[in-house]
Structure formats: structure tokens, C-alpha cells
Amino acid sequence: MPGSAAAPTTSPGRRPAAASAEVGGICSELIRLDTTNRGEGDSEGERAAAEYVAGLLSDAGADPVVVESAPGRASTLVRIAGTDPSHPPFLVHGHLDVVPAEASDWTVPPFSGAVEDGCVWGRGAVDMKGSLAMTLAVVRQRLREGRRTRGDLVLAFLADEECTGEFGSRYVVTEHAGWFEGVTEAVSESGGFSVTAPGGARVYPVAVGERSTAWMRLTAHGTAGHGSKPAPDNAVAELCHAVSRLASYRWPVRLTPAVRALVTELGDILGEPVDQDRPEEEAERLGQIGKLFAGTVRNSANPTRLDAGYKVNVIPGSASAQVDGRYLPGLGEEFLATVDRLLGPRVTREFVNHEEALPGDPSGPTFTALADALRAEDEAARPVPYVMAGGTDGKSFARLGIRSFGFAPLLLPPDLDYQAMFHGVDERVPVAALEFGTRVLDRFLDTR
């Protein structure tokens, strides 16, 4: 099967043997718990997953609490006392839910958690049960060994990230904010994985920011009537024209300071400048490395859903569509003004989900500690800051003044297209990569 090659050689480092030994099994068990989130309140399995996580932590001596925002919509919270009450606490957060998977499209059943060709397969292996497994394995070992972080360590395993976070991160920061008292920084998903550059350098993008989210529902109204009659006021036609204008619009290229810094660093690593006047062409030329900035040089507005009518010979009185909008930090007003102009006066919009993202900023000791932990386990590591094209629960925690870094460390085979597996088919993660991640995460927690 593709992408199952052995991981590259790393420096020996220290090996938290217990965490490495159990991380693959925890990942498999989490995948077997089907936590599909279909959106709009339709989900399953989150309570079972939250209880499974709580059981693992309890067995190691922690005192987790499962909180429920609605029947079955559960999250697990735990705060582990550090050795110095005056030192700032630190948060590690992640989500239990996954997007749907169509089993007929997969090589391996998506909720099997099967281990084949050195990989754990299944929905969530990448997004993000592999990362949760690393956190659980490391924290369990540290608890058993009596090793504590200097400040309190706060863990949050959350429901509903794959929708709006209403039943997960938004709920806990509103109703259970006390768990996060004093926390100013956190790590979570979508960063820290290796990407092999042309020439062989291993780049590790550590996420320092993300684009803002503007999920929108568009609605057109018209005159209902018989499908055989002239229909100058056809809601379906009006909506389709508007969606087509939006989908075909070419958003201008805008390099934010964080993205410009990434492109500059990549040029230094590659030994040749990356042309910042042609970032999309350069992204295509650079392959996997180019994907690190290809999705963050423009705003985007992708139509994802259409709803209208109930019978072929009836013109409906209204039609609606949903659009996944993402915009770069500081460009919200411009983005929405452009959307309104493209939609025209006969189509209205409302937010399904709207969250502002903080600008990316790699400054400070935490990014340095993350980079140092990677280099300690992989002598060839080249950590770089980057901005995520998608979104995370970090936006919710930002409401409490908490800054999140994307850091789920994995040393991956060069031929494994890890980024393509987010919400994709045949999602899988090498067991060796998870074992590497436990060592890196353990090192990093020693700095907290």
C-alpha cells in the first residue's frame, strides 16, 4: 500500500518506552470509536470517546471530568498540578470527533483502526486521533513515573470541532472557563509533521496562526409557480448565478507577514529564493513544500451545498446554498464586502459560523521550545512557522486570551502525502511516526 515506507533515521534521543509502546494501540482504539460529526447537531460516539479518554487518564492517577453540552456531546477535561504553583499553566487540546467516511471508497474499513504496513488506518488517524493518542500515552507515562510539568498541565479532549465547536470548545470556554484559569498558551493539531523538501531537507511546519472562518448560508427568494411557465423571478436561477460568480472569483494574492516569513525561510532551507511575486506558481513548483503556503496566500469562498425545490415541475419560492469562506487576518471587512458585491442585491447571506483568527506570530520562548524538541529527536529537522489554511478550536480558546500553536509532531516517510489525508480517503499514520511524536512531546512538556 502507498505511503508505508520506513521512516527516516533520527537521532537516538531518549525513548519514553511505555508511551511509545502503547501509542499505536490507543490510536487504534480511538478510531474504532466512531465519532462521526455530520454537522447541524447530528453526531455520534463523542460520549463514548470522552469516557474512554477519561478512563485512560484515571488509570494513570489523574482526576478527569466528563462534561456534556447536550445529550451525547461530551468532552473530557483534566488539570494536573505542576511542581510550581506560581508558574503559568499550559494547555494541550484536541478534538474527539471526525468527519464522515464512505466505507466503499476506502482500502481498509474506516473505523477498523487496523494496523497494516506499519500504519494505523482509519478516519481520524491524521485528524486528529493520532495526536490525541500521543498526548494520552505521554501523559500516562509521566503520571506513572511521577514526572510533572513545572506549571499545571491542562488537557481538553473536545466534541464538535468538525462543525462550529458549539458543543465542544465554545461550550467549555463559556461554561467551564475555570479549568483554564491562568493559561495563556496551548498546543493542538495541524503542525509539527515533517515534509521532505527537494534536496532532502526535512521541514517541520509549526502552526502559529490560521485563517478566519466565515461559513455562510446564502438565500434567494422568487415567485413559486408551475415549471412550464415563464419564470423571470426564479430563485434557483438567481442563486446559481450568484454562486457561480462567487466560485469563479479570483481573490487577490496577499502575503501576510507570517506567510512572507515562511516563504523566506523556505527559500533559505532550499538554498534558492522563492519568488514572492509569484507564490502560487512557486507553490506548485515546490510540491509538498509548496502546500505549506499555497492555501494561505488568498482568501477563499468555496460553495459546498445547494438546497432548493421538491419537484421537477414546481418552481420553488426560495433556494439556499452554503459557502465555506476563509480569509486572512485583517481582511474581514474587505472579504465580506467582496462577497456582497458578487452575490448581488437579490441574494442574502447569514453566518453559519464566523470566527476571527489571530495573526500568526512565532516570537517568544514557546516556539523556540517546540523547535528545540523537534531538533533533539531529528538532527535534520528544520522547524518553520506557518499559517494554517483551515481552522481549529484555537479560535475558541483565543477568547480566553490563550494562544495556540499547531503541534502534532510526526516524522513521516517522504512519499506519504500527509496533508492530502485531512478529510480524505485512506487516512493513516505510521506507528513509527506516532512513537517519534511521543518522544518530542515528552521533551517539550519538560519545558513547561
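The structure displayed is predicted, hence computed values, not measured ones.
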Search all heavy atoms of [X] against all heavy atoms of [Y] and return the closest pair with its distance.
| X | Y | result |
| --- | --- | --- |
| Val440 | Ala373 | O-CB, 3.7 Å |
| Gly325 | Phe335 | CA-CZ, 3.9 Å |
| Arg375 | Ala381 | CG-O, 3.8 Å |
| Val66 | Ala50 | CG2-O, 4.0 Å |
| Pro205 | Val195 | CD-CG2, 4.4 Å |
| Leu143 | Ala60 | CB-O, 3.4 Å |

In the structure I gave you, are the side-chain heavy atoms of [X] and [Y] within less than 4.5 Å of one another anywhere?
| X | Y | result |
| --- | --- | --- |
| Asp84 | Ser86 | yes |
| Arg448 | Asp152 | no |
| Glu355 | Arg170 | yes |
| Phe157 | Leu77 | no |
| Leu30 | Arg32 | no |
| Ser194 | Tyr418 | no |
| Glu40 | Cys163 | no |
| Met128 | His95 | yes |

Taking [X] for the side chain and [Y] for the main chain, is one N or O donor matched with an acceptor at less than 3.5 Å?
| X | Y | value |
| --- | --- | --- |
| Thr135 | Ser131 | yes |
| Arg123 | Ile31 | no |
| Thr174 | Tyr171 | no |
| Ser212 | Ala357 | yes |
| Arg142 | Asp442 | yes |
| Gln141 | Ala18 | yes |
| Asp378 | Ala380 | yes |

Let me confirm one number: the [atom1]-[atom2] distance from [X] to [Y], rounded to the nearest 0.5 Å.
| X | Y | atom1 | atom2 | result |
| --- | --- | --- | --- | --- |
| Ser188 | Leu91 | OG | CG | 8.0 Å |
| Leu434 | Ile26 | CG | CD1 | 10.0 Å |
| Leu33 | Ser28 | CG | OG | 11.0 Å |
| Leu412 | Gln419 | CG | CD | 9.5 Å |
| Arg148 | Ile80 | CZ | CD1 | 6.5 Å |
| Phe397 | Ser169 | CZ | OG | 6.0 Å |

One pair to check against side-chain hydrogen bond (donor to acceptor under 3.5 Å, both in side chains): Asp426 and Trp106. What are the steps and the verdict? CA-CA 5 Å; Asp426 284 346; Trp106 286 59; 5.7 Å; no
For Asp97, the option from Thr35, Asn37, Thr36 that meets side chain to side chain donor-acceptor pair (under 3.5 Å):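 Answer to the side chain to side chain donor-acceptor pair (under 3.5 Å) test with Asp97 among Thr35, Asn37, Thr36: Asn37.
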Steps toward side-chain contact (heavy atoms from CB on, under 4.5 Å) verdict (Met216, Val339): CA-CA 10 Å; Met216 297 169 284; Val339 168; 4.1 Å; yes
Donor + acceptor pair across side chains of [X], [Y] (<3.5 Å):
| X | Y | result |
| --- | --- | --- |
| His93 | Glu189 | no |
| Tyr327 | Glu356 | yes |
| Glu68 | Ser75 | no |
| Glu185 | Thr366 | yes |

Does [atom1] belonging to [X] count more than 12 external heavy atoms closer than 6.0 Å?
| X | atom1 | result |
| --- | --- | --- |
| Glu181 | CD | no |
| Asp63 | CG | no |
| Glu333 | CD | no |
| Glu284 | CD | no |

Single hit among Glu334, Glu210, Arg211 for side chain to side chain contact (heavy atoms under 4.5 Å, CB included) with Leu328: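 Exactly one candidate clears the test, Arg211.
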Phe444 pairs by side chain to side chain contact (heavy atoms under 4.5 Å, CB included) with which of Val187, Asp372, Leu374? Val187
Please determine whether a side-chain nitrogen of the Lys or Arg among [X] and [Y] lies less than 4.0 Å from a carboxylate oxygen of the Asp or Glu.
| X | Y | answer |
| --- | --- | --- |
| Arg285 | Glu272 | yes |
| Asp393 | Lys395 | no |
| Glu44 | Arg38 | yes |
| Arg150 | Asp446 | no |

Salt bridge (charged side-chain N to carboxylate O under 4.0 Å, His left out) between Glu161 and Arg73, intermediate numbers included: CA-CA 11 Å; Glu161 190 274 345; Arg73 311 305 304 271; over 6 Å; no
Looking at Tyr204, does the NZ or CZ of Arg202 lie under 6.0 angstrom from its six-membered ring centre and within 45 degrees of the ring axis?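 Here Arg202 fails the 6.0 Å and 45° test against Tyr204.
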Ring-face cation of Arg79 near Trp179 (centre distance under 6.0 Å, axis angle within 45°):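 No.
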Where do Gln322 and Trp215 land on the side-chain contact (heavy atoms from CB on, under 4.5 Å) test, with the steps shown first? CA-CA 7 Å; Gln322 292 188 25; Trp215 294 351; over 6 Å; no
Taking it one step at a time, do Val323 and Thr304 satisfy side-chain contact (heavy atoms from CB on, under 4.5 Å)? CA-CA 6 Å; Val323 172; Thr304 55; 5.9 Å; no
Full working for side-chain contact (heavy atoms from CB on, under 4.5 Å) between Val259 and Val297: CA-CA 7 Å; Val259 174; Val297 300; 4.3 Å; yes
